[in-house]
Participant: 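Take a look at the following structure, please.
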There are 2 protein chains.
Amino acid sequence: MTPSRQSGSGVETPAGRPRGTAFLLSQVGAHAAARFADLLGGLGVAPADVGLLRMIATQPGRSQQSLAEELGVVPSRVVALVDGLEGKGLIERRRNPRDRRNYALHLTADGTHVMTEMRTLGAAHEEEICAGLDHTQRAQLTALLETIAARQGLTPGVHPGYRQH
Amino acid sequence: MTPSRQSGSGVETPAGRPRGTAFLLSQVGAHAAARFADLLGGLGVAPADVGLLRMIATQPGRSQQSLAEELGVVPSRVVALVDGLEGKGLIERRRNPRDRRNYALHLTADGTHVMTEMRTLGAAHEEEICAGLDHTQRAQLTALLETIAARQGLTPGVHPGYRQH
DNA sequence: TATTGTTATACTCTATAACTATA
DNA sequence: TATAGTTATAGAGTATAACAATA
């Protein structure tokens, strides 16, 4: 299965366009992310806000430090993200009387509502991106992607877009 | 196949982590892009330089305008990218005596050399990302991604990371 | 001293708009 | 007037490092 001599490395077409699986992954993945960002625009939140909101919704009372660690970003960035979400009235910082150094983060009623809308958006996005595939193909694709994600050591549910340089 | 009532929309696990195919695509795609950027670092070029170099290599003499149009970016951005690549000695601007308004862009000898190394890097990257998959699975994944790319109207070989807001 | 969070700062990326040279 | 390219500028995103409050 190893052609003795082919044009170049096999990752480009004769016309010079990239054609490898890795490029396709990056291309389609960036498109999916951009489309989701578009959908989110209507809600007034940015892609980076989504992970934060989701973690606070799942584990209310988390500190900024713990979010920074799980997302792989510097604490000062969490300050900016939390400032934004608090300014929009989606979350609130509650002082912990036991240890007044840290905040316990909680969703507000508005924040809970936005989370619900985000889930609806997520389902619509899923449908849009997978539109050309039948049920079997979707399952196949998911399995292949999960295999790569595990092999590459990606943390389930955490987007690498957060990761520090 | 429509469960009458499930936990949420189906795009999140009970623990609140996203699990949809679209999220996986975005996650794995971003990881692939980041790894490629890492590999490129050793060559001293950025991901955004790659498409430009490739287009100039494939069609020498192209103008900055034509690159801007194909990549979907504003001409002033091409100026910055071309400035960078010219500064590194990888490409050169040649005046066209027939129409002195535009430049014909060409790779230098160094640029050609870097293109060769980029192809090698591309093959290594491909191998790294697909490491957990056998030949059949790689072909399956490629086919599924190509189906989505076509359905979503993506231009073959052009990364959406360039696209204008 | 150690920890949580904040501020000040700087750097990169990228778009908009005004401008120059040429046609 | 129209086109190719450039410059000036501004805004978003994100890291580093110094700092304040609390433990």
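Chain A is the first sequence line, chain B the second, and so forth, proteins listed ahead of strands; every chain is numbered from 1. The basis for the numbers below is simple: all heavy atoms, side chains too, and nothing from hydrogens, waters or symmetry mates. Being a predicted model, the structure only gives us computed values, none of them experimental.
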Participant: Side chain of B/Ser76 only, heavy atoms from C-beta on: which candidate in C/dA17, D/dA4, C/dT7 is closest?
Facilitator: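 When the side chain of B/Ser76 is considered, C/dA17 is the closest of C/dA17, D/dA4, C/dT7.
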Participant: Measure CG/A/Asp83 against P/C/dA8 and give the value in whole Å, please.
Facilitator: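 Value for this atom pair: 12 Å.
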Participant: Mind calculating the distance between CZ (A/Arg163) and C1' (D/dG13) to the nearest angstrom?
Facilitator: 18 Å
Participant: Between C/dT6, C/dA23, D/dG5, which one does the side chain of B/Tyr103 approach most closely?
Facilitator: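 For B/Tyr103, the side-chain atoms sit closest to D/dG5.
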Participant: Report yes if a side-chain nitrogen or oxygen of A/Arg101 is closer than 4.0 Å to either non-bridging phosphate oxygen (OP1 or OP2) of C/dT3; otherwise report no.
Facilitator: no
Participant: Between A/His31 and B/Gln152, does any side-chain donor sit less than 3.5 Å from a side-chain acceptor?
Facilitator: yes
Participant: Please pick, from D/dA4, C/dT6, D/dT22, the nucleotide with the shortest atom-to-atom distance to any side-chain atom of B/Asn102.
Facilitator: D/dA4
Participant: For a quick test of reading the model, state the closest non-hydrogen atom pair linking A/Gly132 to B/Arg151 and the distance between them.
Facilitator: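 What the structure gives for the nearest pair is CA-NH1, 3.5 Å.
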Participant: Return the value, rounded to whole Å, for the distance between atom CG of B/Asn96 and atom P of C/dA21.
Facilitator: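 The answer, rounded to whole Å, is 19 Å.
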Participant: Please report, rounded to the nearest Å, how far the C1' atom of C/dT6 is from the CZ atom of A/Arg95.
Facilitator: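 About 11 Å, once rounded to whole Å.
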Participant: Just checking B/Arg93: base, sugar-phosphate only, or nothing, at a heavy-atom cut-off of under 4.0 Å?
Facilitator: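 Result for B/Arg93 = sugar-phosphate.
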Participant: Can a donor-acceptor pair be found, under 3.5 Å and without considering hydrogens, that links the side chain of A/Gln27 to the backbone of B/Thr155?
Facilitator: yes
Participant: Taking for each residue the nucleotide of DNA chain D with the nearest heavy atom, is it B/Asp99 or A/Gly161 whose nucleotide lies nearer the 5' end?
Facilitator: B/Asp99
Participant: Name the residue closer to the 5' end of DNA chain D, choosing between B/Ala80 and A/Ala80 according to the nucleotide with the nearest heavy atom.
Facilitator: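 The residue mapped nearer the 5' terminus is B/Ala80.
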Participant: Take B/Tyr162 and A/Val82, find for each the nucleotide of DNA chain C with the closest heavy atom, and name the residue whose nucleotide sits nearer the 5' end.
Facilitator: A/Val82
Participant: Quick check: closest heavy atoms across B/Tyr162 and B/Gly51, and the distance to 0.1 Å?
Facilitator: OH-N, 3.4 Å
Participant: Would you kindly give the CZ-to-P distance between B/Arg77 and C/dC13, to the nearest whole Å?
Facilitator: 9 Å
Participant: What is the distance from CG of A/Leu71 to P of D/dG13, rounded to the nearest Å?
Facilitator: 16 Å
Participant: Could you state the CG-P distance from B/Leu52 to C/dT14, rounded to the nearest angstrom?
Facilitator: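 Atom-to-atom, B/Leu52 to C/dT14, this comes out as 12 Å.
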Participant: Considering only side-chain heavy atoms of A/Gln65, which listed nucleotide, C/dT4, D/dT6, C/dT6, is closest?
Facilitator: C/dT4
Participant: In whole angstroms, how far is the C1' atom of C/dT6 from the CG atom of A/Leu81?
Facilitator: 14 Å
Participant: Closer than 3.5 angstrom, by distance alone: can the side chain of A/Arg95 be matched with the main-chain N or O of A/Arg100 as a donor-acceptor pair?
Facilitator: yes
Participant: Side chain of A/Arg100 only, please: which of D/dA23, C/dT16, D/dT14 is the nearest?
Facilitator: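 Nucleotide nearest to A/Arg100's side chain: D/dA23.
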